[in-house]
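Start at 1 with the first residue, then count along the sequence. When a ligand or atom number is given, it counts from 1 through the structure's own listing order.
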Amino acid sequence: MLAPRVYLDWNATSPLHPRARDATTRALDLIGNPNSVHGEGRAARAIVEAARRQVAALVGAQPANIVFTASATEAANMVLTPDFRMGRKTLAIGHLYFSAIEHPAVREGGQFSPQQMTEIPVTSKGVVDLDGLARLLSSHDRSLGLPMVAIMAANNETGIVQPVKEAAALVKLHGGLMVVDAVQAAGRLVVDIEDLAVDFLIISAHKIGGPKGAGALVSRGEILMPKPLIHGGGQEKGHRSGTENVAALAGFGAAAEAAREEMSKAGHRLHELRARLEDGMRRAAPDVIIHGEDTERLPNTTFFSLPGLKSETGQIAFDLEGISVSAGSACSSGKVGESHVLSAMGCDARLGALRISLGFSTDAEHIDAALAAFAKIAGRRKPAGAAA
Ligand code: PLP
């Protein structure tokens, strides 16, 4: 009999949390449109508004400041725009400064043109270079409009946590707007929009145990908002038209609530499991390079390189052993390119790297199965300098 598969790619997507599954399946039977005034409509509206409160609570926001979208990518495309509204007035954003390790959802720059975009460097430790940001902001030409800065709360490949609070303080000094991609950090670390004092957060349901295809743009106030990306019936207070995906939002809300309640216990557990994994990897292959090991990371993520092992080969080898891991970022059609995150850190991106990421149902047996596969794969590598 085949051994059961072990899923260790939670940063790509999470299985449904049981509470999210219950909430989603119950909501699938609601027949009303949440924008209808009759009883069926009101029942669906109640589910959407409960989800809004649950998602808001996860990130310390007001429910009124949540705009539901179909993905974090959509939320990023909406907020990364030169075109903002302040009540009836318009406000121009002149330039987007984004960290060199952003996910493509942000890296592509939304509605900014390439001429309106500049990368913020990161240090060799994989952390945004705040001096570099300060220099960029000091030379920003305000005659073009205000600066916007996008820095993720934690990187999806390395798990490295970014100094977004410090960056936000700098951005405020220069009168700019700060956008934070909290897709990987939300539900794993405390992310509080008020404490971070950032203008916008983007989050995604499917990274925290909710269904795929739901996200949110979270703002700190309701006054300053990007021009809508999707026009139509005026849902989400006109910020995002289209009938709400009631079942997905019900699951998003339940997953957000579960993540908030379980975060501290889960964080300790994942930290211990990851230590077991990394200690075992070091014992089996002392030359393993664990990226960001001396830097603050998400408790569930390990990003490593094994000299002599290409990431595609490594990923396939793990897959054949029944273990799902990821080679670099898994969001782009299964294609494995060189990691822009490793390049930005000044590492040789051709080295290739694999990511193992854990979640609420990962246990010690899964880690030991991954370690057994790791030992086999590491042992099969060609010794350095061997003829190809
Ligand atoms: N931002 C980060 C850091 C991610 O890891 C991802 C997904 O991998 C996204 C954004 C995109 O999220 P979504 O799949 O909801 O569009």
Side-chain angles (χ1 to χ4, degrees), residues 7-17 20 51 55 58-59 66-80 96 98-110 120 122 126-128 150-162 164 179-189 191 198 200-218 229-230 240 245 248-249 251-253 255-256 259 292 297-298 300-303 324-337 339-342 344 353 355-359:
Y7 184 76
L8 296 178
D9 197 13
W10 292 65
N11 287 12
T13 197
S14 155
L16 269 183
H17 191 285
V55 169
L58 179 66
V59 290
I66 303 286
V67 176
F68 284 128
T69 59
S71 61
T73 301
E74 183 195 322
N77 276 269
M78 178 157 102
V79 74
L80 300 179
L96 172 66
F98 64 102
S99 91
I101 54 171
E102 293 302 301
H103 182 277
V106 168
R107 210 176 151 68
E108 288 293 315
I120 313 162
V122 301
V127 176
V128 167
I151 298 176
M152 63 201 332
N155 182 260
N156 46 302
E157 293 192 11
T158 59
I160 293 174
V161 175
Q162 302 299 317
V164 286
V179 176
V180 171
D181 173 347
V183 166
Q184 295 290 345
R188 295 186 176 135
L189 302 175
V191 173
V198 304
F200 296 95
L201 295 177
I202 64 172
I203 51 178
S204 180
H206 74 102
K207 308 288 181 173
I208 62 168
K212 296 164 195 28
L217 176 65
V218 187
L229 192 61
I230 300 182
R240 201 277 186 183
N245 184 347
L249 297 182
F252 190 5
R297 285 178 293 162
L298 293 175
N300 76 319
T301 308
T302 289
F303 193 49
S324 311
V325 305
S326 146
S329 169
C331 283
S332 48
S333 62
K335 188 178 77 196
V336 181
S339 161
H340 72 280
V341 177
L342 280 187
R355 178 184 69 192
I356 296 185
S357 48
L358 324 177

Pairs meeting criterion salt bridge (charged side-chain N to carboxylate O under 4.0 Å, His left out) with involvement of residues 180-189, two or more places apart: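 Sorted result for residues 180-189: empty, none.
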Under a 4.0 angstrom heavy-atom cut-off, which atoms of ligand 1 come close to [X]?
| X | value |
| --- | --- |
| Met152 | 3 (C) |
| Ser71 | 15 (O), 16 (O) |
| Ser204 | 13 (P), 15 (O) |
| Asp181 | 1 (N), 2 (C), 3 (C), 10 (C) |
| Gln184 | 3 (C), 4 (C), 5 (O) |
| Ala72 | 12 (O), 13 (P), 15 (O), 16 (O) |

Counterpart residues, ring pair (Phe, Tyr, Trp, His ring centres under 6.0 Å), relative to Phe200 (two or more places apart):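 Listed in chain order: Phe84.
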Sidechain-backbone polar pair: Gln184 side chain, Gly159 backbone, donor-acceptor under 3.5 Å: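 Not at all, since once roles are kept as given, no pair shorter than 3.5 Å links the two residues.
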Any side-chain heavy-atom pair of Ser339 and Glu157 under 4.5 Å: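 Answer yes - side chains close enough.
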Sub-4.5 Å side-chain heavy-atom contact between Thr301 and Arg355: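 With C-beta onward as the side chain, the pair touches.
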Within-shell test, His206 vs ligand 1, heavy atom, strictly < 4.0 Å: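 True for this residue.
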Heavy-atom gap Glu74 to ligand 1 smaller than 4.0 Å: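 False for this residue.
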For ligand 1, the portion of Thr73 having any non-hydrogen atom under 4.0 Å away: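 Thr73 to ligand 1: contacts from backbone and side chain alike.
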